[in-house]
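Numbers for residues simply follow the sequence, beginning at 1. In each ligand, atom 1 is the first atom listed, and ligand 1 is the first ligand listed.
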Amino acid sequence: MTNTAVQSAQNQTGERSRQTHRYLMCRPDHFTVSYRINPWMEPARPTDTALAVRQWQVLYDTYRALGHEVQLIDPVPGLPDMVYTANGGFTLDGIAYGARFRFAERAPEAEYFDEWFAAHGFEVVKPSQVNEGEGDFLLAGDVILGGTGFRSSGESHREVAEVFGREVLSLNLVEPRFYHLDTALTVLDPVVEAGDTAGIAYLPSAFDEASRGVLAERFPDAIQVGPDDGAVFGLNSASDGYNVLVSPRATGFAAQLRERGYHPVTVDLHELLLGGGGIKCCTLELRGAAG
Ligand code: ARG
């Protein structure tokens, strides 16, 4: 974490304003790649758990230094993907809509996350539809963006719309490397005034034509990110409205962010990319329900 990052968080400059967020993370103590459920995972390739923990710790420390609150869920032996807490559910207004994982390898995680939400004051809604939490559901102002095509089902979008009483805009993912919405799209302004459009950035080629049309219509000012930045998981980033935590490899995206008045803060999670996840995957936003 650089001094400038800390400073900027403390003395807000420019037009962009940051908000304080509450996140849920899980230390990758049991991180490894022992199965393959996305194209990034190669079980034959060795992983370095200690390195994964060190890189994860930098992400944790960076959030804290920027003034955010980070809560932790205990890692469970035998569930190496639990570090990707974004998939543990979707929270809003004190309600936690639980996950129902597409693959058997991750299915047992759901219960641990549901227990954590209940123990921390959330009303837990058990899903009847397959969905992978904030990996595929992103809040952008008044609207929830829902990804489908690889993991979360289209039916889960309807369920989320009902549970939260919000509009869900369904987006179809078509590129296997970008199998969750949060690998192809990031929300830059998590909180906006009622009726305002949130800033977002996305990788157009990860979506089908119809979804590209929806994005262009609803988010005409969005940043369109190039394939090189997309391929290094540049879009798997987390923003507090000003500071945007982003992979150091996504240099083009970082420049686009600066042009728009955001402040990119780089965090390198390349070891966790061996499991197909990055900054956002390791971060679940907690909205509502006190600590
Ligand atoms: N290995 C995990 C999986 O395939 C990675 C999950 C990444 N999470 C995310 N929110 N994109 O499910």
Check your understanding: With a cut-off of 6.0 Å (strictly less than), are more than 12 heavy atoms of other residues, nucleotides or ligands near CD of Gln224?
Key -> yes

Practice item. Select all protein residues for which some heavy-atom-to-ligand 1 distance is less than 4.0 Å, and list them by chain and number. Key: Ile37, Asn38, Met41, Asp81, Tyr84, Ala86, Asn87, Arg106, Gly135, Arg151, Tyr179, His180, Asp182, Thr183, Gly275, Gly276, Cys281

Check your understanding: Going through the checks in order, is the side-chain contact (heavy atoms from CB on, under 4.5 Å) test met by Thr148 and Leu173?
Key -> CA-CA 6 Å; Thr148 188; Leu173 296 161; over 6 Å; no

Practice item. Return the orientation label for the Tyr63 and Tyr23 ring planes: parallel under 30°, perpendicular over 60°, tilted otherwise. Key: tilted

Review point. Among Phe117, Phe122, Trp116, whose ring-ring contact (aromatic ring centres under 6.0 Å, His included) with His120 holds?
Key: Trp116

Study note, to complete from the structure: The single option from Leu185, Asn236, Leu235 that satisfies side chain to side chain contact (heavy atoms under 4.5 Å, CB included) with Lys280 is Asn236

Review point. Run the ring-ring contact (aromatic ring centres under 6.0 Å, His included) check on Phe233 and Trp40 step by step: do they pass?
Key: CA-CA 11 Å; Phe233 259 32; Trp40 304 84; 4.7 Å; yes

